[in-house]
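Everything on this sheet refers to the single structure shown next.
Note that the structure is a prediction, hence the values are computed from the model and not measured.
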Amino acid sequence: MNIWTIMSYELRRLFRSRSLLINLFLLPLVLIFLLGTSLSGVVGVKSAAKIEPVRVAVVSPSGGEAGPSAMIAAFLESPEVQEVIIPHEAESRGAAESGLRTGKYGYAIIVPWDFDSKVQNGEKAQLEFILGKDHTDNMVAGTAFDNFLSTINYKQAAAAALGPQALAVTASSSADHEAVKLGDLSNGGRTYTASQFYAASMLLMFLLYSGITVTSSLFSEKDNHTLHRINSMPVKGSELFTGKVLGIGLVSIVQCLAIILLSDWLFGVYWGNRPGLLLLFCLLMIIASMMLSIVICLFSKTAASASSVISVITVCMTFLSGGMAPLPDSLVNTIGAATINHWAQQAIIRMMLHAELPQLLPNLLVLSVICLVMLSAAMFSYRKVGYHE
């Protein structure tokens, strides 16, 4: 009964403090907005750049009885190729090279006069390419024509090894296959934005900062000389200690829910498809943060020294875990892995990307072990030092 009375008093005391409400609820949202907006080009993956069509000079020398290549013409007339290549007939190789120098063309190909006949006779398909000035144009056009030649040579090799009947099989298997396809190489095209990254980072950082609230609450009874009077009442020291910790823990849970819901509503931050698991990771962060603060508080002589230690630890953990600025993976996965933020932040980012549950369980296990160790350390510290003046 005493624990619930102390907890309710602690809740009323905390929610009456305007400065505390601003620091716990308003400041995280302001930082998420500012960092997510100003660093959108630094953190997260930008949307895919639009590929402009490449002007390609096609040189078809006349020779023998063959005219322009029908296979090249059919390839260039396909709808998916027309999205990235604009063909232009060039009179000669010299005209194509001159157009490349002046910027009229971005790429050029020289088609042998007997290209179609060689392919029909089972010989290797070959074209001559002349690169332009722009690297992107060279890459786009080169990829398209390389894919065209690779497909022909693959069919030729299959026919040579397996017989003419293999052509029918390869034709049916590639009937619905596009010659050129634009897309995102990431997992399903899903990625995270700077707002999502800093929302997760600031959430975890302010959950760690909740330890300062524990410190100020515990030391306030000592500094105001009310702890001795409370102990003279029929209230055990453990009940007072537990009631305060539970009250601050509930405030941290409300803070966590407010940051998640308001960032989603105000800034459109998507937190993933596992809200229950997200809250579980946040709860573990709250437990670890409070237990760490209790240990520091019990072995500190003043509230200022305890708050300073907690602030330094919080900033260092946030930085080393890559929560303030992108760091090399080698650093984040070595030194950063020793921080509490690392395991929770990586899991939250993966949930935003719709990662499978087996990918999240290692982080959950490590964070649970950290909480268990911190809880044991807090219990040991309380039994050794106690909460008294």
Side-chain angles (χ1 to χ4, degrees), residues 1-29 203-262 279-280 282-311 313-314 340 371 374-383 385-389:
M1 187 63 182
N2 291 332
I3 294 177
W4 304 118
T5 303
I6 296 170
M7 183 185 70
S8 61
Y9 169 78
E10 191 69 21
L11 289 173
R12 290 195 300 268
R13 186 185 70 84
L14 291 174
F15 281 112
R16 286 173 184 170
S17 175
R18 294 182 180 178
S19 60
L20 187 66
L21 293 178
I22 292 175
N23 292 332
L24 291 182
F25 297 96
L26 182 59
L27 186 56
L29 295 174
L203 170 64
L204 299 177
M205 187 179 76
F206 277 89
L207 290 182
L208 281 177
Y209 267 127
S210 63
I212 297 181
T213 308
V214 176
T215 301
S216 61
S217 177
L218 294 177
F219 271 100
S220 64
E221 303 295 347
K222 295 182 179 182
D223 297 338
N224 296 330
H225 304 289
T226 56
L227 181 58
H228 180 72
R229 284 182 288 174
I230 294 175
N231 288 333
S232 64
M233 300 178 183
V235 178
K236 297 180 180 179
S238 59
E239 293 177 342
L240 174 62
F241 189 83
T242 305
K244 283 182 169 293
V245 171
L246 288 177
I248 298 171
L250 286 177
V251 173
S252 299
I253 293 175
V254 175
Q255 175 195 18
C256 174
L257 292 174
I259 293 175
I260 292 175
L261 296 177
L262 290 177
L279 294 179
L280 178 58
C282 293
L283 181 60
L284 292 175
M285 277 294 301
I286 293 172
I287 295 174
S289 169
M290 295 183 65
M291 295 303 107
L292 176 63
S293 301
I294 288 171
V295 173
I296 296 174
C297 180
L298 292 177
F299 287 97
S300 300
K301 294 183 178 180
T302 62
S305 60
S307 299
S308 300
V309 172
I310 294 172
S311 298
I313 291 177
T314 298
I340 305 174
C371 289
M374 298 306 301
L375 180 60
S376 302
M379 294 176 61
F380 173 79
S381 301
Y382 182 81
R383 289 183 179 181
V385 180
Y387 178 49
H388 51 77
E389 292 186 277

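Using a 4.5 Å cut-off on side-chain heavy atoms (C-beta onward), Pro28 and Leu203 make no contact.
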Using distance only, find each side-chain donor-acceptor pair of residues 285-300 under 3.5 Å and give its atom names and separation, not counting sequence neighbours.
{"residue": "Ser289", "atom": "OG", "partner": "Leu207", "partner atom": "O", "Å": "2.9"}
{"residue": "Ser289", "atom": "OG", "partner": "Leu208", "partner atom": "O", "Å": "3.0"}
{"residue": "Ser293", "atom": "OG", "partner": "Ser289", "partner atom": "O", "Å": "2.9"}
{"residue": "Ser300", "atom": "OG", "partner": "Ile296", "partner atom": "O", "Å": "2.6"}

Begin from the C-alpha positions of Leu279 and Ile260 and carry the test side chain to side chain contact (heavy atoms under 4.5 Å, CB included) through to its verdict.
CA-CA 10 Å; Leu279 294 179; Ile260 292 175; 4.2 Å; yes
Under the criterion side chain to side chain contact (heavy atoms under 4.5 Å, CB included), I'd like the reasoning laid out for Ser252 against Phe206: C-alpha separation, chi angles, the key distance, then a yes or no.
CA-CA 9 Å; Ser252 299; Phe206 277 89; over 6 Å; no
Applying side chain to side chain contact (heavy atoms under 4.5 Å, CB included), run through Val251 and Phe15 and close with a yes or a no.
CA-CA 8 Å; Val251 173; Phe15 281 112; 4.0 Å; yes
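Sorted by first then second residue, the salt bridge (charged side-chain N to carboxylate O under 4.0 Å, His left out) pairs that include residues 5-18, not counting sequence neighbours, are Glu10-Arg13, Glu10-Lys244.
The distance from the CD1 atom of Ile340 to the SG atom of Cys371 is 7.5 Å, given to the nearest 0.5 Å. In this structure, CG in Leu29 is found 6.5 Å from CD1 in Ile259, a value given to the nearest 0.5 Å. With values rounded to the nearest 0.5 angstrom, Cys256 atom SG is found 12.0 Å from Leu24 atom CG. Between Ile248 atom CD1 and Ile212 atom CD1 the span is 12.0 Å, to the nearest 0.5 Å.
No more than 12 heavy-atom neighbours from other residues, nucleotides or ligands sit within 6.0 angstrom of OH on Tyr9.
With Ser17 contributing its side chain and Leu14 its backbone, the two residues share no donor-acceptor pair below 3.5 Å.
Residues satisfying the side chain to side chain contact (heavy atoms under 4.5 Å, CB included) test with Ser308, not counting sequence neighbours, are none.
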